[in-house]
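Nothing here was measured: the structure is a model prediction, and the numbers come from that model. Throughout, residue positions are numbered sequentially from 1 according to the sequence presented.
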Amino acid sequence: MELDLSPKLAKKVYGGDGGSYFAWSPSELPMLREGNIGAAKLALDKDGFALPKYSDSNQVAYVLQGSGVVGIVLPEKEEKVLPVKKGDAIALPFGVVTWWYNKEDTEFVVLFLGDTSKAHKRGEFTDFYLNGSNAIFTGFSTEFVGRAWDLEESVVETLVGKQSGRGIVKLTGANLPEPKKEHRDGMTLNCEEAPLDVDIKDGGRVVVLNTKNLPLVGEVGLGADLVRLDGSAMCSPGFSCDSALQVTYIIRGSGRVQVVGVDGKRVLETTIKAGNLFIVPRFFVVSKIADPEGLEWFSIITTPNPIFTHLAGSIGCWKALSPQVLQAAFNVDSETEKLFRSKRTCDAIFFPPPK
């Protein structure tokens, strides 16, 4: 059976006055299950508080909108409280406890993409809450919790049962820890402010997230990139040559995408727009062309230091092949081969629109 690669929007899973949690379902996006990938979004309104939890999956979190605070507790480490804002990427190994808070008027939106190969459900994140109506300790008897916490059972009943919210709550008069800028060191990278790995005039720009600029991604086994394609520009056809999957979320703008797979079959041709998520299978070739307003996306790649092969431009593998091989492979004469080789001589993966 052929896989459906068409882009999908997230659907609301739960929420309330403090905000909402959205996720992509593998039943609607089968490549999530096929590729062991999870994808979700957290949207917090003013004073929205996402209760402390840990996940069964390695994740990369990316702030899509607004600014807020995240508390992170790595195993056997002290809590770090980070100020985060639009463009921040944060590597979150599984088992790490996190909480999120928005004290601003602007909605605070965070994207989560991750590896579910060791998760309870392929293609889905399973979260374990420490507080709330669905918290871990609601399942233990008061006797067990009381002995674990060295508290009277009456106190345990208050601690476990007082918070009636599920996942997300709205706080009033909260006095949460103040974030510390120094806690950002080694924990997050702002992709909108980081040095550019690729910068092509009228073409596009790329920032790659890897073990060099954020070593913690090595622990989660994922790489990522932020790509901003200028209006009507093209992203060169290419593929991940280290057998990685590429999971792409469209942040802004719109455009067209084509994906070609086995036996030269075009397996996807569609329009992509903000909010869409789609997955490119291993070794399949993908190319995008932005609409006039441009196109911006954030992707994770299922390896911490991804390597791509491009099939156009001077860095494309075509230009590395000898003229005789190209003539024989294309079954053309030398003049046609020379014409082909003379085009796209710039060292680029983005191509400006035709003049």
Notebook entry, point to check: When hydrophobic residues are tied together by side-chain contacts of less than 4.5 Å, even through go-betweens, does Ile168 share a cluster with Val63?
Noted result: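 Looking at the clustering, Val63 is in the same group as Ile168.
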Margin query: Check this for me, if you would: do Asp291 and Arg256 make a salt bridge, where the nitrogen-to-carboxylate-oxygen distance has to be below 4.0 angstrom?
Written below: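 So Asp291 does not pair with Arg256 through a salt bridge.
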Checklist line | Among Asn134, Asp127, Asn131, side-chain hydrogen bond (donor to acceptor under 3.5 Å, both in side chains) partner for Lys53 | finding: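 The residue from Asn134, Asp127, Asn131 that satisfies side-chain hydrogen bond (donor to acceptor under 3.5 Å, both in side chains) with Lys53 turns out to be Asp127.
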Under a 3.5 Å threshold, yes or no: a donor from one side chain and an acceptor from the other, between [X] and [Y]?
| X | Y | value |
| --- | --- | --- |
| Thr116 | Glu124 | no |
| Lys8 | Ser6 | yes |
| Gln327 | Glu337 | no |

Notebook entry, point to check: Does anything in residues 144-154 pair up under side chain to side chain donor-acceptor pair (under 3.5 Å), and if so which pairs, sequence neighbours excluded?
Noted result: Thr142-Glu153
Given the side-chain rings of [X] and [Y], with only the six-membered ring counted for Trp, is the space between their centroids under 6.0 Å?
| X | Y | value |
| --- | --- | --- |
| Tyr54 | Phe94 | no |
| Phe125 | His120 | no |
| Phe298 | Tyr249 | no |
| Phe112 | Trp100 | yes |

Check: At what distance, to the nearest 0.5 angstrom, does CG of Asn58 lie from OG of Ser117?
Finding: 7.5 Å
Notebook entry, point to check: Is it the case that Arg166 places NZ or CZ above or below the six-membered ring of Tyr14, under 6.0 angstrom from the centre and within 45 degrees of the axis?
Noted result: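 Pair Arg166/Tyr14 counts as cation-pi.
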Notebook entry, point to check: Taking the inter-plane angle between the rings of Phe140 and Phe144 on a 0 to 90° scale, is it parallel (under 30°), tilted (30 to 60°) or perpendicular (over 60°)?
Noted result: parallel
Next item on the list: Using modelled atom types only, decide if a donor and an acceptor are shared between the side chain of Arg122 and the backbone of Arg33 within a distance under 3.5 Å.
Entry: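 Yes, Arg122 side chain to Arg33 backbone: donor-acceptor pair under 3.5 Å.
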